[in-house]
Amino acid sequence: MAVPENDRQQPGNEIADPDKEVGELVGKLAEPGELEPAERRRLLGRLAQALSAGAKRARVTGAGRGRWLADVFLNIAPRIPIRDLHTLSEHHHGLTGEQLADDLVRTAQKATMTVGAIGGALAAAEFAAPPLLLSAPAQLVAETIVVAAIEVKLLAELHEVYGVRVEGTGTQRAFVFTSAWARQRGIDPLAPASVSLAFGAAAKTALRNRLLRTLGRHLTTLGPFLTGAVAGGALNRAATKRLAEAVRNDLRGRLPPPPRRDELSP
């Protein structure tokens with residue numbers, strides 16, 4: 001099938017290919033390393049364009065948005081890099097145990113707060129420019145996807161810290177952690193349903209509902225001037241903190257304490 005002229009990526013066009021670049025863009029935005037604010041804004045805006053183009057191609061409207069969001073995230077999830085315990089300790093100055101978990105949570109809170117502030121500011125700019133208002137939700141959909149990716153990464157790495165291992169392929173493990181994020185809970189290795197490697201209809205419904213709730217939270221940041229930036233950052237930070245507390249409470253005491261720094265394998 002020929003691609004319509006308007007949908008083709010022209011030289012110099014900054015619109016990402018929705019089939020190839022969404023995962024890459026989310027990966028860059030979800031990385032714990034620092035990004036310059038201008039670069040983060042550019043990537044988030046590019047992701048919004050990619051998602052908007054993907055939704056248009058999928059003819060997403062109304063109730064179909066939740067299903068589409070879940071499909072997009074399930075395609076992204078296996079590409080979220082999850083660090084093992086040794087690598088986590090290396091990246092966090094040799095910390096282990098509760099101190100390492102604390103540092104992971106602080107880093108994730110900062111990341112989701114930053115994405116929320118940028119997304120809220122972009123939405124606020126759209127609010128202040130009525131002709132562009134209809135594009136504002138695309139920015140918030142992009143923010144929703146990135147925040148979900150950051151939190152799935154945090155959830156998975158907290159399981160590493162507390163010694164709760166999930167077996168399976170990278171894709172299977174990604175689905176387990178995504179399902180746990182949708183439920184906002186840690187994984188119980190002794191409960192088969194908790195570590196199901198198949199992403200069934202119930203799990204997909206839970207993911208869809210969680211993504212829509214997250215999107216709904218971000219829609220509340222629509223407002224003039226900088227109110228969206230302030231609200232977006234604060235709401236994301238608080239939500240990431242709640243998730244981390246719930247997961248850590250689930251994981252504590254289930255298995256023997258994680259190894260000390262000098263017990264980690266090189």
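Please read all numbers here as calculations on a predicted model, not as lab measurements. Numbering of residues begins at 1 and proceeds along the displayed sequence.
Each of L212, L74, L207 was evaluated against L69; a single residue qualifies, L212, per the side-chain contact (heavy atoms from CB on, under 4.5 Å) test.
E143 and V115 make their closest contact through CG-CG1, 3.7 Å (heavy atoms, listed as atom of the first residue, atom of the second, distance). Residues L154 and A244 come closest through the heavy atom pair CD2-CB, 4.2 Å. Across all non-hydrogen atoms, the minimal contact from I150 to A111 is CD1-CB, 3.8 Å. Closest non-hydrogen pair, L44 versus V146, comes out as CD1-CG2, 4.3 Å. Nearest heavy-atom pair, T144 versus L215, reported as atom, atom and distance to 0.1 Å: OG1-CA, 3.4 Å. Closest non-hydrogen pair, N236 versus M113, comes out as CB-N, 4.2 Å.
T114 contributes a side-chain N or O that, together with a main-chain N or O of K110, makes up a donor-acceptor pair within less than 3.5 Å. Under the 3.5 Å distance criterion, the side-chain polar atoms of S52 are left unmatched by any main-chain donor or acceptor of A48.
For R106, the salt bridge (charged side-chain N to carboxylate O under 4.0 Å, His left out) test picks out D103, with sequence neighbours left out. Partners of K28 according to the salt bridge (charged side-chain N to carboxylate O under 4.0 Å, His left out) rule, which considers only residues two or more places apart in sequence or in another chain, are E24. Applying the side-chain hydrogen bond (donor to acceptor under 3.5 Å, both in side chains) rule to T178 yields no partners; only residues at least two apart in sequence or on another chain are considered. A174 meets the side-chain contact (heavy atoms from CB on, under 4.5 Å) test with A77, P78; sequence neighbours excluded. Scanning for salt bridge (charged side-chain N to carboxylate O under 4.0 Å, His left out) contacts around E39 gives R42, with sequence neighbours left out. Residues meeting the side-chain contact (heavy atoms from CB on, under 4.5 Å) test with N75, sequence neighbours left out: none. Listed by chain and residue number, T87 satisfy the side-chain hydrogen bond (donor to acceptor under 3.5 Å, both in side chains) test with D84 (two or more places apart in sequence, or in another chain). Annotation: salt bridge (charged side-chain N to carboxylate O under 4.0 Å, His left out) contacts of R83 (sequence neighbours excluded): E157. With sequence neighbours left out, A149 forms a side-chain contact (heavy atoms from CB on, under 4.5 Å) with V26, A30, F73, I80. Residues satisfying the side-chain contact (heavy atoms from CB on, under 4.5 Å) criterion with N249, sequence neighbours excluded, are R252.
How far CD of Q99 is from NE2 of H92: 13.0 Å, rounded to the nearest 0.5 Å. Atom CG of L51 is separated from atom CH2 of W68 by 4.5 Å, given to the nearest 0.5 angstrom.
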Could you give me the CA-CA distance, side-chain angles and deciding distance for Q109 and T240, then say whether side-chain hydrogen bond (donor to acceptor under 3.5 Å, both in side chains) is met?
-> CA-CA 6 Å; Q109 282 184 280; T240 301; over 6 Å; no

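With a 4.5 Å cut-off on side-chain heavy atoms, K204 and D71 count as touching.
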